[in-house]
Amino acid sequence: MSEVRTRFAPSPTGFMHVGNLRTALYAWLLARSEGGKFILRIEDTDQARYVENAVEVIYATLKSAGLSHDEGPDKDGGYGPYIQSERKTLYREYAEKLVASGHAYYCFCGKCEEESGDDIHEASELCPCAGMDAAAAAEKVAAGCPHVIRQRIDRSKVSTFTDAVFGEIQIENKVLDDQILLKQDNMPTYNFANVIDDHLMHITHVVRGSEYLSSTPKYNLLYQAFGWEVPTYVHLPLIMGRDAEGNVSKLSKRHGSVSFENLVSEGYLPEAIVNYIALLGWSPKSDREIFTLDELAQAFRISGLNKSPAVFDYDKLRWMNSEYIKALPPEKFAEAALPFAGITGTVLEEKWELIAGLLHNRTEVFSEIPEKISFLLTQPEYQVELFNHKKSKSDPENTRADLPELRELLAGISEWKAENISEVLSSFAAVREIKAGRPMWQVRIAVSGCAVTPGGPGEIMEILGKEESLARIDRALIKLNA
RNA sequence: GUCUCCAUCGUCUAGAGGCCUAGGACACCGGGUUCUCAUCCCGGCAACAUGGGUUCGAAUCCCAUUGGAGAUGCCA
């Protein structure tokens, strides 16, 4: 068997749906695991949907996800051009060949479908153009009459094919319609361009979503009409989303963030996203879940692909993201998290390293960082009831009693470091034979105003600085004595 | 409507006739460690859609039912 060649053929819509990215990932994985080639082809046959810079988004996404292509618009491999709009004349030629051989026909009634009424399966059958005399049709075309080219399907036959994931599939041709191959604007439809390009680019494995399963016979009929070899099909289970009512359907925007860029801007790491979607519909057949791209390529087998649709679970993505975050070296974490912190230009900027240290294993998604540290910038309004804490035996009364002395002790610290601060609080407790947790809680609440904070009183106060910390304690005292 | 596909814990999945009193992970709930929280550790809850076959034996094979999804565009 010849070299494995897979392709990813996105249309430039301006964003990368994670389902699309997963398709790319599996195509890439298949090529890499077999030592084959991965080709990028841009499917821009829908002029109405053209989006500026969309191709750049595709490059950027693939790069960020680590999916390197061997051939593409920017990397000629001898099968170009790799952008369909630049192959326009090619499709017309092939479509004409099909007309000549009787496998396709010109259609002049743009309204075939609409006029056919309720039974759509008879739409094309009713299309008068299918039975039009070839010479007459050619004449109309020559005269410049607007038209499309439709595939002529032999409705008496039954089509059978084998999918690498779903196995044997049989469909009666009579339910297939005479799909349009070439649109009125002379652009091919996706279905037609795919067949032509996949053949011309020697694609051996067509990896795509299972939504194409039922239209695959139409593709095969085209291959047969040309006398071409049919590629191996690898149809992927769909990625589903659950809506507010609990219904599942193909993952779309109504289900939340579904584009790669979106997820990244919310603070998910590209590596985590890729790892997560790799496991949506594919299993390494082991209990392992964390994989680098190379490890995935190593473990990838078509037999691990699943048939049933998979629901995209944001909770599990969060968990996986947190695993990747925790695995980051401290300085990498600080660097990656900074853009999300929202502290540039504030007094906290130079304390970032310290803050990041506290945040590191408390962060699942970067976007949740600002709210975790907002109390450092401005202390929130809080009630004295917050000083109540059963486990450490703290309450507003004993806090009011203890705080003045604690404040003096803290004020006496010469080197304002977390460990020194903690030491002062601990020895305060030791002398009085109370739990260390009590002054810890009292002071932490006084300086933060939050029941939950990243880090304890020592760390928080070091970041706040001596002056601000004491000022916050003074304010707490006023509040407690009010 | 018609066609196609799918069917194991709430979710992602392991399981290719006996290894299954069905394993792992997320989520959830307990407990431990800890200066709050988190991390970390330990434990728990929780599934073979239903009904028929086949077989000594079925989550695994067959059929039906039910449920779900996809397709049915001059979108991809």
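Letters A, B, ... are given to chains in the order of the sequence lines, protein chains preceding strands, and every chain is numbered from 1.
Atom P of nucleotide A71(B) and atom CD1 of Ile171(A) are separated by 13 Å, given to the nearest angstrom. Between the CE atom of Met187(A) and the C1' atom of C75(B) there is a distance of 14 Å, given to the nearest Å. In this structure, Arg438(A) atom CZ and U36(B) atom P are separated by 16 Å, rounded to whole Å. With rounding to whole Å, Phe375(A) atom CZ is found 15 Å from U36(B) atom P.
The partner of C75(B) cannot be assigned: no Watson-Crick or G-U wobble pair with both contacts below 3.5 Å exists in any strand. In this structure, G57(B) forms no base pair with any nucleotide, since neither Watson-Crick nor G-U wobble geometry is met with both distances under 3.5 Å. In this entry G70(B) has C3(B) as its Watson-Crick or G-U wobble partner, both defining distances falling under 3.5 Å. With a cut-off of 3.5 Å on both Watson-Crick or G-U wobble distances, the partner of C28(B) is given as G44(B). Across all strands shown, A38(B) forms no Watson-Crick or G-U wobble pair with both distances under 3.5 Å.
The phosphate of C75(B) has OP1 or OP2 within less than 4.0 Å of a side-chain N or O from Lys183(A). Here Asn191(A) does not reach the OP1 or OP2 of C75(B): none of its side-chain N or O atoms lies under 4.0 Å away.
With hydrogens and angles left out, the side chain of Tyr212(A) and the base of A76(B) share a donor-acceptor pair within 3.5 Å. Checked by distance alone, Lys218(A) brings no side-chain donor or acceptor within 3.5 Å of a matching partner on the base of U72(B). Taking 3.5 Å as the limit, the base of U36(B) and the side chain of Arg444(A) contain a donor-acceptor pair of atoms between them.
A salt bridge links Lys174(A) with Glu172(A): at least one charged nitrogen is closer than 4.0 Å to a carboxylate oxygen. Taking the charged nitrogens against the carboxylate oxygens, Glu381(A) and Lys479(A) do have a contact shorter than 4.0 Å, which makes a salt bridge. Salt bridge annotation for Arg438(A)-Asp402(A): present, with a cationic side-chain nitrogen under 4.0 angstrom from a carboxylate oxygen.
Going from the C1' atom of G23(B) to that of A47(B) covers 12 Å, rounded to whole Å. Going from the C1' atom of A76(B) to that of G70(B) covers 15 Å, rounded to whole Å. The C1' atoms of C48(B) and A22(B) are separated by 8 Å, rounded to the nearest whole Å. Rounded to the nearest Å, the gap between the P atom of A59(B) and that of A49(B) is 10 Å. Between A58(B) and G53(B), the two P atoms lie 12 Å apart (nearest whole Å). Between U8(B) and A71(B), the two C1' atoms lie 27 Å apart (nearest whole Å). Look at the C1' atom in both C42(B) and A7(B): the space between them is 35 Å, to the nearest Å.
Ring geometry, Tyr233(A) versus His235(A): the interplanar angle falls under 30°, so the pair is classed parallel (tilted spans 30 to 60°).
Comparing C37(B), G73(B), A14(B) against the side chain of Lys285(A) picks out A14(B) as the nearest. The listed nucleotides are U36(B), C6(B), G10(B); the one nearest the side chain of Asp313(A) is G10(B).
Using a 3.5 Å distance cut-off with no hydrogens or angles, the side chains of Tyr276(A) and Glu289(A) do not pair a donor with an acceptor. The closest side-chain donor-acceptor pair between Asn275(A) and Tyr324(A) falls under 3.5 angstrom.
Nucleotides of RNA chain B nearest to Gly456(A) and Glu323(A) differ in position, and the one nearer the 5' end is that of Gly456(A). Where Lys326(A) and Trp319(A) meet RNA chain B, the nucleotide closest to each residue was compared, and Trp319(A) sits on the side nearer the 5' end.
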